[in-house]
Amino acid sequence: MELYIFNTKSRKKEKLQPQKPPKVGLYTCGPTVYDYAHIGNMRAYVFSDTLRRVLEYNDFQLHHVMNITDVGHLVSDADEGEDKIVVEARKKKKSPYEIADFYTDIFFRHARKLNIKDPSITCKATDHIQEMIDFVKVLVDRGHAYEISDGIYFDISTFPDYGKLSGIDLEEQQEGARVEVNPEKKHPADFALWKKAPKNHIMQWPSPWGMGYPGWHIECSAMGLKYLDGFFDIHTGGVDHIPIHHENEIAQNWGYTGTEVVKYWMHSEFLQVDGGKMAKSLGNFFTLDDIEARGFDPLAFRYLLLNAHYRKKVNFTWEALEGAQKAIDRLTEHVLKFREAPAKKGCGPRLQKYKEKFLEAINDDLNVPRAIALVWDVLRGEEPASEYYQFLLDVDRVLGFGMKDMERKEEEISAEIRKLIERREEARNKRNWEEADAIRDQLLEKGIRLMDTPEGVRWERIRKKEE
RNA sequence: GGCGGCAUAGCCAAGUGGCUAAGGCGGAGGACUGCAAAUCCUCUAUUCCCCAGUUCGAAUCUGGGUGCCGCCUCCA
């Protein structure tokens with residue numbers, strides 16, 4: 001079975017042919033850790049996680065590298081700005097390293113709640129300053145970079161293919177439309193490889209060009225080349241990275257190696273909220289903690305994301321999340337039924353069909369929504385049998401809903417509620433329906449829903465209505 | 001100003017030339033139940049933003065229109 005993925009560079013689905021099969025080197029542009037990662041950020045990582053899971057499902061040997069950007073992101077203006085982490089540190093009166101560690105921890109906590117697997121290697125920019133300096137030195141030596149008063153810049157005029165990835169024609173770009181261009185730069189699109197630090201800049205390191213700190217794109221090149229042994233089979237990121245960040249990476253990689261080191265570029269689309277951009281100023285800026293605070297399961301959010309293709313914008317609404325939560329709750333119920341089911345003869349051929357269709361879906365540029373539909377076909381269309389349960393566990397290697405560990409929600413209930421449930425049982429035994437129903441309503445008010453099953457009463461906590 | 005994307009049922013969304021337009025949520029009806037809940041069954045887009053065209057055949061291709069969104073700053 002062949003795996004096809006959409007390559008941003010060619011704008012086509014291409015058959016995956018890694019340089020050294022069965023190995024696949026995957027690089028993911030990781031988080032900038034000066035603030036909370038929001039649910040839009042998390043979409044990008046659910047995407048790269050899905051990609052790696054699909055690769056693993058196809059028996060590729062995965063080598064997955066992700067960076068942690070803990071330095072070098074300017075506040076606003078490209079030339080006059082200040083490191084975002086530094087600003088944050090100043091505000092909170094902590095060291096930049098403490099700030100970065102704090103948000104890194106939260107990022108991984110959120111990632112794990114979403115069943116995002118840890119990359120093989122996670123690398124921090126601040127741990128690779130020397131590699132970046134060496135990289136820049138080579139670019140300077142080869143004439144791809146030049147020095148001006150505030151730093152070392154890449155000379156894009158030395159790279160004829162600049163703009164190819166995003167299809168940008170440099171001549172037609174409105175130069176400095178939103179940013180003032182440093183007049184010392186040879187071309188407005190020349191970008192910083194190394195910045196000279198003012199004295200009060202907290203994070204700075206010695207370099208051949210004096211004290212300073214690395215430019216914004218160099219870390220991915222330096223660390224990626226180091227940990228992926230000189231070649232990226234696949235490089236992922238959000239679509240916002242295409243025009244600047246990845247374009248610049250390509251340029252500097254080419255300047256450094258004289259060749260293209262990334263074969264497939266893959267980019268995930270944005271998550272929108274209520275059909276528009278998510279922004280702090282609009283008050284629709286959410287983190288996974290917000291989702292949990294409203295009583296939702298992080299995996300409901302995972303379901304919501306996986307229910308849409310990674311190259312399509314997905315519209316986040318609380319109503320949609322409600323639907324996703326319901327879906328995953330029911331999925332859980334079904335999975336449990338299948339787990340408890342005995343073996344059954346004769347499901348082999350049908351099972352085979354499902355397996356083929358599943359592989360066909362995910363290998364068609366990660367069409368996970370189609371794969372999920374298939375799971376429902378099994379859950380709703382087949383008699384529970386252990387063979388199907390094995391199939392579910394198998395596909396869950398890609399979907400990552402944690403089916404193996406799914407359990408009915410058995411949350412803690414207070415003694416008071418337990419007592420009410422018991423009193424209702426007594427009333428029911430006496431066929432005192434009025435009292436029993438009254439207690440049931442009372443419990444519902446408290447967010448407890450009762451279900452009288454043949455095996456006795458069951459209960460579950462329900463989410464309180466929004467607002 | 002430049003570039004790009006999208007428009008499929010109340011909501012979230014698959015599908016990109018040809019059997020009956022996936023799936024989930026919601027809704028309706030039925031079974032079950034003391035009544036419910038949960039579960040199960042059935043139904044829920046004669047039609048894919050509009051108009052014109054190509055074609056034996058289009059949600060899918062082409063042209064035009066409308067609407068929405070994003071990017072052009074180191075935001076995934």
Side-chain angles (χ1 to χ4, degrees), chain A residues 28-32 35 37-48 69 72-79 81 83-84 166-169 171-180 189 191-192 215-217 219 236-245 248 267-272 275-280 285 303-305 307-309 311-331 333-334 337 361 367-377 379-380 428 431-434 436-437 440-441 444 449-454 457-460 462:
Chain A
T28 296
C29 274
T32 301
D35 203 348
H38 53 68
I39 55 175
N41 296 124
M42 297 320 286
R43 183 180 190 195
Y45 304 108
V46 168
F47 155 63
S48 57
T69 300
H73 283 242
L74 301 179
V75 139
S76 57
D77 181 277
D79 295 309
D83 193 306
K84 281 180 178 171
S166 47
I168 282 172
D169 183 346
E171 302 308 312
E172 287 177 11
Q173 286 295 298
Q174 208 173 3
E175 293 172 358
R178 295 167 69 187
V179 182
E180 232 178 286
F191 55 94
W216 329 304
H217 316 290
E219 59 176 279
T236 70
V239 285
D240 55 318
H241 281 157
I242 299 171
I244 305 286
H245 182 51
N248 292 351
H267 296 94
S268 54
E269 251 299 348
F270 268 40
L271 173 91
Q272 300 192 333
K277 189 174 179 167
M278 177 166 59
K280 275 184 176 163
F285 185 94
Y303 186 97
L304 179 79
L305 293 178
N307 193 38
H309 188 86
R311 281 193 289 117
K312 287 275 186 81
K313 292 180 187 73
V314 70
N315 191 20
F316 177 88
T317 62
W318 291 105
E319 188 187 358
L321 187 61
E322 192 78 47
Q325 179 72 60
K326 274 275 170 55
I328 200 146
D329 286 347
R330 285 184 185 155
L331 190 96
E333 284 294 328
H334 281 98
K337 241 171 32 192
N367 196 328
V368 180
R370 219 162 81 203
I372 290 178
L374 196 66
V375 167
W376 283 108
D377 284 347
L379 294 176
R380 294 220 155 124
R428 285 190 71 221
R431 307 184 71 80
N432 184 351
W433 309 127
E434 267 176 40
D437 291 353
R440 185 170 63 198
D441 291 344
L444 202 58
R449 178 160 57 204
L450 296 184
M451 292 168 278
D452 299 324
T453 73
V457 64
R458 257 178 60 202
W459 59 269
E460 70 178 8
I462 56 170

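Quick note: numbers below take in every heavy atom, side chains included, and nothing from hydrogens, waters or symmetry partners. Sequence lines set the chain letters: A, B, ... in the order given, protein chains first and strands last, and positions in each chain run from 1.
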**Prompt:** Which is it for A/L305 and A/L271 under the side-chain contact (heavy atoms from CB on, under 4.5 Å) test, yes or no, and what are the steps along the way?
**Reply:** CA-CA 9 Å; A/L305 293 178; A/L271 173 91; 4.0 Å; yes
With heavy atoms under 4.0 Å as the rule, sort [X] into base, sugar-phosphate or nothing.
X: A/P243; answer: sugar-phosphate
X: A/L331; answer: nothing
X: A/L304; answer: sugar-phosphate
X: A/Y303; answer: sugar-phosphate
X: A/E269; answer: base
X: A/G40; answer: base
X: A/A320; answer: sugar-phosphate
X: A/H309; answer: sugar-phosphate
X: A/M278; answer: base
X: A/H38; answer: base
X: A/R330; answer: sugar-phosphate

**Item:** Closest-nucleotide ordering on RNA chain B, the 5'-leading residue of A/M42 and A/T453
**Value:** A/T453
**Request:** With RNA chain B as reference, determine whether A/A192 or A/F316 sits nearer its 5' end, using the nearest nucleotide of each.
**Result:** A/F316
Spell out yes or no: do the side chain of [X] and the base of [N] have one donor N/O and one acceptor N/O closer than 3.5 Å?
X: A/D240; N: B/rC71; answer: no
X: A/D452; N: B/rC35; answer: yes
X: A/R440; N: B/rA36; answer: yes

What nucleotide among [options] has an atom nearest to a side-chain atom of [X]?
X: A/A327; options: B/rC12, B/rC25, B/rA38; value: B/rC25
X: A/R380; options: B/rC69, B/rC40, B/rA14; value: B/rC40
X: A/K326; options: B/rA76, B/rG26, B/rA37; value: B/rG26
X: A/V314; options: B/rA13, B/rU39, B/rG5; value: B/rA13
X: A/K337; options: B/rG23, B/rU39, B/rC35; value: B/rU39
X: A/R428; options: B/rG70, B/rG34, B/rU73; value: B/rG34
X: A/D437; options: B/rC35, B/rA76, B/rC12; value: B/rC35
X: A/I244; options: B/rU73, B/rC75, B/rC25; value: B/rU73
X: A/K277; options: B/rA76, B/rC71, B/rG10; value: B/rC71
X: A/K312; options: B/rA76, B/rG15, B/rA37; value: B/rG15

Once you round it to whole Å, what is the distance between [atom2] of [N] and [atom1] of [X]?
X: A/E319; N: B/rG27; atom1: CD; atom2: P; result: 11 Å
X: A/I242; N: B/rG5; atom1: CD1; atom2: C1'; result: 11 Å
X: A/M451; N: B/rC40; atom1: CE; atom2: P; result: 13 Å
X: A/L379; N: B/rA22; atom1: CG; atom2: P; result: 19 Å
X: A/E333; N: B/rG24; atom1: CD; atom2: C1'; result: 16 Å
X: A/E322; N: B/rC25; atom1: CD; atom2: C1'; result: 9 Å
X: A/Y45; N: B/rC75; atom1: OH; atom2: P; result: 11 Å
X: A/Q272; N: B/rC12; atom1: CD; atom2: P; result: 11 Å

**Request:** Using the P atom on both, measure B/rC25 against B/rA13 and round to a whole Å.
**Result:** 16 Å
**Message:** Would you measure the distance from the P atom in B/rG27 across to the matching atom in B/rG64 and give it in whole Å?
**Reply:** 44 Å
Base partner of [N], which must satisfy Watson-Crick or wobble distances under 3.5 Å:
N: B/rG10; result: B/rC25
N: B/rU54; result: none
N: B/rC49; result: B/rG65
N: B/rC71; result: B/rG2

Closest contact, heavy atoms only, [X] versus [Y]:
X: A/L321; Y: A/L304; answer: N-CD1, 4.3 Å
X: A/N315; Y: A/G275; answer: OD1-N, 2.6 Å
X: A/K313; Y: A/Q272; answer: CD-NE2, 3.2 Å

**Asked** Do any side-chain nitrogens or oxygens of A/N367 fall under 4.0 Å of OP1 or OP2 in B/rG15?
**Response** yes
**Prompt:** If only side-chain N and O atoms of A/N307 are considered, is one of them under 4.0 Å from the OP1 or OP2 phosphate oxygen of B/rA13?
**Reply:** no
**Residue that, paired with A/C29, satisfies side chain to side chain contact (heavy atoms under 4.5 Å, CB included) out of A/H245, A/E219, A/H217** = A/H245
**Item:** Within-4.5 Å side-chain heavy-atom neighbours: A/H334 and A/R380
**Value:** yes
**Near-parallel close stack of A/F270 and B/rG70 base (under 5.5 Å, under 30°)** = no
**Request:** Measure the distance between the ring centre of A/W433 and the centre of the six-membered base ring of B/rG34, then answer whether it is under 5.5 Å with planes under 30°.
**Result:** yes
**Message:** Using 30° and 60° as the class boundaries, would you call the ring planes of A/W376 and A/Y303 parallel, tilted or perpendicular?
**Reply:** perpendicular
**Prompt:** Between A/K326 and A/D329, does at least one N-O distance fall below 4.0 Å, as a salt bridge requires?
**Reply:** no
**Item:** Electrostatic pair A/E269:A/K312 at N-O distance under 4.0 angstrom
**Value:** no
